[in-house]
Engineer: 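Okay, handing you the structure first.
Order of appearance sets the numbers: ligands from 1, and atoms from 1 within every ligand.
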Amino acid sequence: MARVFKLALSAGHWRGSPKGCPEYLDKEKTPEWVLNARICEKLQSLLSEYEGVEILRLDDRSGEKNISLDARSAAANAWGADLYLAVHHNGGVKGGKGGGIVAYVYTKPSEESLEWQKALYAAAIEATGLRGNRSNPVPKKNLHEVREPKCPAVLMECGFMDSATDCPIILTEDFADKMARAFCDVIVAKSGARKKARSVTLYRVQVGAFEKRENAKALLAQLNEAGFEGYIKADTE
Ligand SMILES: [Zn+2]
C-alpha cells in the first residue's frame with residue numbers, strides 16, 4: 001500500500017467573521033469565509049477522485065463555529081499533515097484597481113514550503129490570470145498558519161475582496177473552480193496521488209441465441225471502443 005498524502009485544509013475565518021467584501025463592490029457583502037470555503041469544498045470534491053490523498057478540514061465546514069488558529073495548527077500537527085494549505089482572500093486596497101493573488105510562507109520557511117509556494121502560486125496565476133500589481137506576490141510573513149505547522153505550509157490569498165478589479169472576478173463560481181483545479185493539480189503532481197479506477201458494475205448480458213453471436217461480438221467491440229477494454233469478458237463463441 002502506497003503512502004497516503006495528508007492535506008490539512010483551512011478555509012480562513014468563519015461565516016460570522018466581520019471580514020468580507022465591502023458593500024460598495026458587493027451588495028451581498030459576501031463574508032471572506034464563504035469565498036474561502038467555496039474553493040476548499042471544490043478542491044475536496046476534485047481530490048475525492050484520487051486515491052493516496054486524505055484531507056482534514058480544519059475550519060468548521062458549516063461555517064457556524066469559529067475554530068481558533070491554535071486549534072487548527074494543533075489539529076494539523078497532531079494528525080501528521082504533509083501540507084497545511086490555508087485559503088484566504090485579501091483586503092487592503094480600499095476600492096483601488098490593484099490586487100492579485102498572493103502566496104505566503106513563513107519568514108524562515110523550509111525548502112519544501114518554498115517549493116509548494118512557488119508551485120501553488122504559479123498554478124493559480126496560470127489558471128486565473130489574476131496577477132494583480134503586488135511588488136512581491138510570493139512573500140514571507142510571520143503568520144500563525146504558516147509559522148505553527150510542522151509540515152510545509154502555504155497561505156494563499158486568492159485576490160483582494162476590496163479591489164475594484166479583483167472583487168467581481170473572485171465572486172464568480174468560475175474563479176473558484178479554476179483555483180480549486182489549480183490547487184488540485186499541484187497536490188496531485190507533488191503527492192503522487194492516483195486517479196481512482198472507475199468502478200464498474202458487472203452485468204451478464206444475453207444478446208441472443210447462438211446464431212446471433214455476432215450481436216455479442218458487436219457489443220464487445222463497442223464497449224472496448226468506449227474505454228471498457230479489459231473490464232469486459234464475453235463469451236462470444
Ligand atoms: Zn483571511
Side-chain angles (χ1 to χ4, degrees), residues 7-26 28-44 55-76 81 83-96 98-107 109 113 116-117 120-121 124-125 128 130-134 136-149 152-172 175-176 178-180 182-183:
L7 170 66
L9 185 61
S10 171
H13 316 282
W14 65 298
R15 196 188 297 275
S17 163
K19 291 189 172 189
C21 298
E23 196 169 14
Y24 58 85
L25 292 174
D26 171 26
E28 309 290 325
K29 293 197 280 183
T30 304
E32 184 190 339
W33 177 84
V34 170
L35 298 177
N36 301 338
R38 180 167 66 168
I39 292 175
C40 289
E41 293 294 333
K42 287 177 185 292
L43 175 58
Q44 285 181 259
I55 301 165
L56 178 67
R57 259 301 276 280
L58 301 170
D59 59 308
D60 171 22
R61 281 176 87 170
S62 74
E64 299 308 311
K65 261 170 64 186
N66 184 14
I67 310 292
S68 72
L69 294 179
D70 280 333
R72 295 186 197 207
S73 55
L83 174 68
Y84 189 116
L85 177 60
V87 178
H88 287 255
H89 288 71
N90 226 332
V93 298
K94 301 185 171 67
I101 292 166
V102 178
Y104 285 105
V105 289
Y106 182 46
T107 45
S113 286
W116 279 104
Q117 175 194 36
L120 290 166
Y121 177 76
I125 293 301
T128 67
L130 205 67
R131 198 176 289 277
N133 67 345
R134 303 294 92 187
N136 178 14
V138 284
K140 296 168 182 167
K141 199 171 177 182
N142 186 7
L143 300 166
H144 181 104
E145 286 189 295
V146 291
R147 180 186 65 240
E148 294 302 323
V154 181
L155 188 151
M156 296 293 302
E157 295 277 14
C158 309
F160 281 71
M161 296 178 293
D162 64 348
S163 155
T165 317
D166 291 3
C167 189
I169 295 169
I170 65 180
L171 286 171
T172 65
F175 176 79
K178 286 174 176 165
M179 287 300 287
F183 292 160

Engineer: Taking all non-hydrogen atoms of both residues, which atom of Tyr84 and which atom of Pro149 are closest, and how far apart?
Structural biologist: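 Closest heavy-atom pair between Tyr84 and Pro149: CD1-CG, 3.4 Å.
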Engineer: Is there an N/O/S atom in Glu157 at a distance below 2.8 Å from the Zn ion (ligand 1)?
Structural biologist: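 Looking at Glu157, which is the residue asked about, there is no N, O or S atom under 2.8 Å from the Zn ion (ligand 1).
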Engineer: Quick one: report the N, O or S atom of Glu32 that is nearest to the Zn ion (ligand 1).
Structural biologist: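 Distance check against the Zn ion (ligand 1) picks out OE2 in Glu32.
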Engineer: Confirm or rule out an N/O/S atom of His89, from backbone or side chain, lying less than 2.8 Å from the Zn ion (ligand 1).
Structural biologist: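 So His89 does not bind the Zn ion (ligand 1) by this criterion.
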Engineer: In His13, what N, O or S atom is nearest to the Zn ion (ligand 1), if we give its atom name?
Structural biologist: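 In His13, the N, O or S atom with the shortest distance to the Zn ion (ligand 1) is NE2.
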Engineer: Find out whether Glu145 and His88 are in side-chain contact, i.e. whether some heavy atom of one side chain is under 4.5 Å from a heavy atom of the other.
Structural biologist: yes
Engineer: Do Val93 and Asp166 come close enough that some side-chain heavy atom pair is under 4.5 Å?
Structural biologist: no
Engineer: Is Leu120 close to Met156 at the side-chain level, that is, under 4.5 Å between some pair of heavy atoms?
Structural biologist: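 Yes. Closest side-chain heavy atoms under 4.5 Å.
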Engineer: Which atom pair, heavy atoms only, marks the closest approach of Tyr104 to Glu157?
Structural biologist: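 Shortest heavy-atom separation between Tyr104 and Glu157 comes out as CE1-CG, 3.7 Å.
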Engineer: Among the N/O/S atoms of His88, which is closest to the Zn ion (ligand 1)? Give the atom name.
Structural biologist: ND1
